[in-house]
J.: 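Here it is, the structure in full.
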Amino acid sequence: MNTADQAAEYLKLTPEKLKQLARAREIGYVKAGRSYLFSREAIQEWVRRNSLEAKPETPNPWGLTDRALKRQRDGNSRVNRGFPR
């Protein structure tokens with residue numbers, strides 16, 4: 001079990017913000033008197049639920065930006081629209 005200070009340091013939050021999340025039932029905790037205690041499993045579950053997955057890499061052998069590649073695939077390049085260079 002971790003105290004609010006320990007868990008907040010690990011999660012890079014303030015202890016007050018962590019207690020606010022606990023009161024909102026967004027992270028599991030045990031209240032012992034006036035202290036909030038957080039299990040390792042509750043902390044890991046909260047991190048898992050609040051983590052973003054990495055964006056999958058799309059093959060781009062030409063080194064174009066995503067926007068330029070989309071324009072090329074859609075046939076909407078500036079050359080195709082008749083704009084001068």
J.: What's the spacing between T3 OG1 and E9 CD if we round to 0.5 Å?
T.: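 Nearest 0.5 Å value for the OG1-CD distance: 9.0 Å.
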
J.: Ignoring hydrogens, what is the shortest heavy-atom contact between N2 and Q6? Give both atom names and the distance.
T.: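 Scanning both residues completely, I find the closest heavy atoms to be CA-OE1, 3.3 Å.
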
J.: Hey, is CZ on R25 packed in by over 12 heavy atoms from elsewhere, all under 6.0 Å?
T.: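 No, CZ of R25 has 12 or fewer neighbouring heavy atoms, counting only those of other groups under 6.0 Å.
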
J.: Taking NZ, NE, NH1 and NH2 as the nitrogens, is one of them in E45 or R48 under 4.0 Å from a carboxylate oxygen of the other?
T.: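 Result for this pair is yes, salt bridge flagged.
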
J.: Which ILVMFWY residues can you reach from L13 by hopping between side chains whose heavy atoms are under 4.5 Å apart?
T.: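 L13 shares its hydrophobic cluster with Y10, L11, L18, L21, I27, Y29, Y36, F38, I43, W46, V47.
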
J.: Minimum heavy-atom separation for A42 to G28, with atom names?
T.: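 It is CB-O, 3.5 Å.
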
J.: In the hydrophobic clustering that connects Ile, Leu, Val, Met, Phe, Trp and Tyr at side-chain heavy-atom distances below 4.5 Å, which members other than M1 occupy its cluster, ordered by chain and number?
T.: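 Under the 4.5 Å side-chain rule, M1 groups with V30, L37.
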
J.: How about CZ on R40, more than 12 heavy atoms from neighbouring residues, nucleotides or ligands closer than 6.0 Å, or not?
T.: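 No - once you tally the heavy atoms of other residues, nucleotides and ligands closer than 6.0 Å, there are 12 at most.
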
